[in-house]
Amino acid sequence: MPAPRFELPPQYDPHAVERPLYQRWLDRGVFPPNPNAPGAPYVIVIPPPNVTAVLHMGQGLNNVTQDVLIRFERMRGRQTLWLPGTDHAGIATQNVVERLIAKEGKTRFDLGRAEFVKRVWAFVRETGSTILEQLKMIGCSCDWTRTRFTLDPGYSHAVREVFVRLWEAGLIYRGHRVIHWCPHCLTALSDEEAEAGDPETGTLYYIRYAVEGGPAPYLTVATTRPETLLGDTAVAVNPKDRRHAAFIGKTARLPITQLPIPIIADDAVVPTFGTGFVKVTPAHDATDFEIGTRHKLEMPLVMTEDGRMEHSTRVPPELAGLDRFAARERIVQMLQEQGALEKTEPHTYTLRRCYRCGTVVEPRLSDQWFVKMTPLAEPALRAYRAGMLRLVPERWAKTYEQWLENIRDWNISRQLWWGHRIPVFTCVTCGEQWADREDPTECRKCGGSVAQDPDVLDTWFSSWLWPFATLGWPDDTPDVRRFYPGHTLVTAPEILFFWVARMVMAGYHFLGERPFATVYLHGTVRDTQHRKMSKSLGNGIDPLDVVRLYGADALRWTAIAGIALGSDLILDPNDLATTFAPGRNFANKLWNIGRFILAQLPEQVPAFPVGRVAELPLADRWILSRTQGAIRDVTAALEQFRLDEAAKRCFDFVWKELADWYVEAVKSRLTGSAVAVLAYCFDTALRLLHPVVPFITEELWQKLPGRRADELLAVAAWPTVREPLVDARAERQFALVQDAIAAIRNIRAEYRVSPKTRLGAALSSKNDEARRAFEGERDTIARLAQLAELGFDGRAARGAGAHAVLRDGSEVFVALADAIDVAQECRRLSSERTRLAQQLAALAAKLTNRDFIARAPADVVAREREKERAWHDQLQALGAKLESLGCS
RNA sequence: GGGCGAAUAGCUCAGCGGUUCAGAGCGCCUGCCUUACACGCAGGAAGUCGGGGGUUCGAAUCCCUCUUCGCCCACCA
């Protein structure tokens with residue numbers, strides 16, 4: 001045995017290698033796209049995390065997934081661009097900074113707009129790169145030279161251009177309607193940002209309104225929000241509701257304020273709910289607003305922006321200034337005192353809450369900027385139906401389509417300070433209003449002074465441009481030409497509407513092309529109770545804790561191998577050791593395989609003779625063929641986004657085949673072909689594994705003999721199948737060897753034959769119990785003992801045993817392998833659902849039975865050959881019969 | 001109220017064009033410190049594949065239905 005070229009520790013130490021390797025990749029500039037690469041570009045844009053975010057497990061999964069795809073394509077020679085960046089995250093970031101200055105006892109209004117925005121920028125500059133640095137810790141191979149931020153000048157330019165173009169196309173309008181309003185964040189929200197939560201049990205209040213001149217002295221409405229009655233301007237019934245027809249046209253009086261309101265008929269009222277009478281509050285309910293519009297009702301706002309009751313005439317002094325929920329209690333009390341509360345009953349409903357702060361959203365009448373979405377949705381829908389866009393897994397198709405089919409106009413204005421200021425200008429003199437690419441100094445019509453709209457744009461109004469604004473659009477940049485359209489988007493289904501569908505719309509509208517061809521939607525990270533990991537539940541896992549404990553590769557392996565396409569990733573935050581054991585164990589195994597192989601390899605590894613591969617020992621031919629299988633399977637799995645299957649296939653190849661069988665099989669002959677084959681197979685394994693576990697594979701690959709100093713696995717060529725090495729026969733034959741050895745091991749374990757005892761010796765043992773135990777199996781054991789005599793008796797001899805079995809029993813095995821060919825053919829035909837084939841398959845199964853193998857001595861070979869001929873004949877007959885029946 | 005998904009070994013999950021499909025990892029049991037690895041090696045126990053029907057020579061695998069979980073959408077106040 002040659003002297004080991006390396007002294008490697010028996011335990012893989014990720015910390016010793018990760019940072020230096022990452023730095024090396026950076027220094028060598030392997031992450032940015034290589035214009036000299038022969039392949040076409042391959043582009044992924046990162047779902048930009050909030051600029052203030054710190055990495056959580058969901059993003060860990062998301063980004064590792066992207067990195068696997070990028071590294072795979074990079075090794076395949078594509079010009080890969082993985083474009084990183086962050087999102088300014090309007091509400092979220094503004095909230096964070098508001099909390100900060102609250103600690104100084106101040107509000108943003110104390111600071112003023114300019115000062116506040118300055119503070120946010122300072123905060124962003126200070127903390128903004130945290131999450132990107134964390135991505136480096138888990139190995140992400142982004143092109144950091146192209147890092148973008150949704151508020152940087154170039155990007156803002158794109159946002160403004162988009163707004164103005166939409167304006168010019170007549171797709172932006174000022175809408176006066178009831179929108180979702182967050183009384184905590186003090187801004188309007190889009191429909192998507194007002195999330196429906198879990199059903200909650202609340203109260204349905206039945207309230208009596210006095211009626212003048214009607215068929216009854218009063219009517220009863222049912223409501224969950226009694227406080228809104230101060231804003232009621234009508235009571236409505238369904239025109240078809242006979243019970244209440246006589247009320248229509250009469251006047252009701254609001255309790256508490258005694259204001260008169262009309263009783264009207266409207267189709268929107270569902271007669272079966274509550275009493276059939278509905279209180280109509282047009283300024284605080286979307287449906288009521290529509291009713292109000294149809295009937296030209298007054299629409300008074302009775303709450304302030306922060307959710308306190310207020311109105312000059314409608315809110316009585318004792319309620320003014322009360323928070324809406326406090327007001328509710330107080331009003332219920334007042335109603336009770338006035339005898340206007342008929343009854344209450346428990347009621348289950350879902351409340352919409354602000355997706356940033358969780359506050360119950362208040363429907364509120366206001367003026368906002370909207371984008372007309374139907375003209376944008378149509379191309380996105382058409383493109384999807386034409387197959388231009390693929391969702392993986394496909395089951396999200398219906399969700400995507402339904403949303404686009406029922407698209408609603410998008411409220412894009414936010415009453416915030418942090419974000420892209422809406423570029424709409426109004427002349428204070430003549431009222432002229434327009435959107436402008438530059439800040440105007442005077443009215444374009446009358447020369448009067450102008451005022452810019454105070455609001456900012458929805459964060460998603462910048463996010464939806466991400467695939468091209470990051471490349472320098474609207475300028476005609478080389479990057480836009482080269483990297484648009486992109487290829488794969490990796491994200492969570494939660495933002496299918498927020499982001500994905502809108503990017504598709506923007507892509508088609510502004511560039512006339514899809515932003516990406518495939519949307520890969522991965523699952524959610526959950527705890528063992530299947531609860532989503534979240535800060536508030538305290539059930540999260542910090543990916544960097546995992547990196548510190550077990551290394552980035554262990555994290556990556558667990559995330560990738562542990563999640564099937566489209567399913568969730570279940571991790572146990574209370575037991576990181578168990579959760580990440582698979583990754584840690586595998587990394588260590590790989591390390592030790594490398595440790596062993598590297599110790600065997602001489603400075604100059606001879607290439608194995610591909611042309612004369614047939615002359616190699618069976619085990620060599622077997623592992624070479626299995627290597628081709630691994631290349632084929634792993635490549636196919638990655639192409640199909642089956643990352644878990646790719647990982648698992650690598651696992652089986654490296655651990656079960658290369659380590660457990662081949663390494664053991666060649667331990668007794670570690671020279672010549674074995675060394676060459678080991679070097680090739682291990683090198684291939686490292687390449688196949690690199691996308692998933694980049695650090696350890698790069699580290700080991702660097703140590704392979706003959707490596708030039710400037711070579712990096714990160715940009716090494718992806719392996720391809722070498723046809724001459726595919727050898728189905730060798731695989732079958734070796735499988736029999738494996739079966740035979742398994743049978744021997746089984747017998748040894750079952751009869752407790754010590755590893756140090758020869759089977760033959762055990763047979764003639766003086767130990768009565770052992771001998772008696774052997775009696776029933778005497779023939780089998782004797783035969784196997786004979787086969788195994790060389791190999792299974794001592795230490796470190798499993799491989800030698802395999803070799804010996806092969807040599808002594810090869811004739812038997814070859815005959816069996818041929819028989820199996822026949823059997824398999826029978827099985828193939830049996831799937832044609834014929835009885836005859838079924839019977840043959842049963843017989844075939846018998847032939848391939850492990851018992852048979854274990855008992856098949858050389859002297860039955862002749863008999864088997866005879867049988868085999870008979871099989872062939874039957875097969876021929878069968879074939880003819882099938883053909884006559886019209887089966888192919 | 002619609003739509004979608006999931007129920008397979010103690011745990012987390014593969015398998016789902018019908019005939020080596022009853023599997024993997026972790027855990028468990030029994031041997032092994034065999035000079036790459038005890039984060040390991042060898043062997044093993046363990047599931048009537050959620051319940052019930054149906055199609056078929058044959059079904060975790062296809063159809064129907066029920067139950068239980070989870071997700072998305074929706075103006076019943």
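Convention: sequence-line order gives letters A, B, ...; per-chain numbering from 1.
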Checklist outcome for this item: Expected string for nucleotides 68-77 of chain B under the B/S/- scheme (protein heavy atoms, under 4.0 Å, primed atoms plus P, OP1, OP2 as sugar-phosphate) is ----SSSBBB
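C69(B) and C26(B) have their P atoms separated by 32 Å, with the value rounded to a whole Å. On the C1' atoms, C33(B) is 47 Å away from G70(B), given to the nearest whole Å. One C1' atom belongs to A38(B), the other to C4(B), and the distance between them is 46 Å to the nearest Å. Taking atom C1' in both A9(B) and A74(B), one finds a spacing of 41 Å when rounded to whole Å. If you take atom C1' in G23(B) and the same atom in G47(B), they sit 11 Å apart, rounded to whole Å. U34(B) and G25(B) have their P atoms separated by 23 Å, given to the nearest Å.
At a cut-off of 3.5 angstrom, counting only N and O atoms as typed in the model, there is a donor on one side and an acceptor on the other between the side-chain of Lys589(A) and the base of C37(B). With hydrogens and angles left out, the side chain of Glu664(A) and the base of A36(B) share a donor-acceptor pair within 3.5 Å.
Every pair passing side chain to side chain donor-acceptor pair (under 3.5 Å) that includes a residue from residues 285-294 of chain A is listed here, sequence neighbours excluded: Asp266(A)-Arg294(A).
Under the 6.0 Å cut-off for aromatic ring centres, Phe651(A) and Trp655(A) qualify, their centroids lying closer than that.
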Checklist entry - Stepwise, does the salt bridge (Lys or Arg N to Asp or Glu O under 4.0 Å) test hold for Glu645(A) with Arg649(A)? => result CA-CA 6 Å; Glu645(A) 282 187 1; Arg649(A) 186 67 182 84; over 6 Å; no
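Lys398(A) pairs by the side chain to side chain donor-acceptor pair (under 3.5 Å) definition with nothing, not counting sequence neighbours.
The side chain of Ala659(A) sits closest to A36(B) out of A36(B), A42(B), G25(B).
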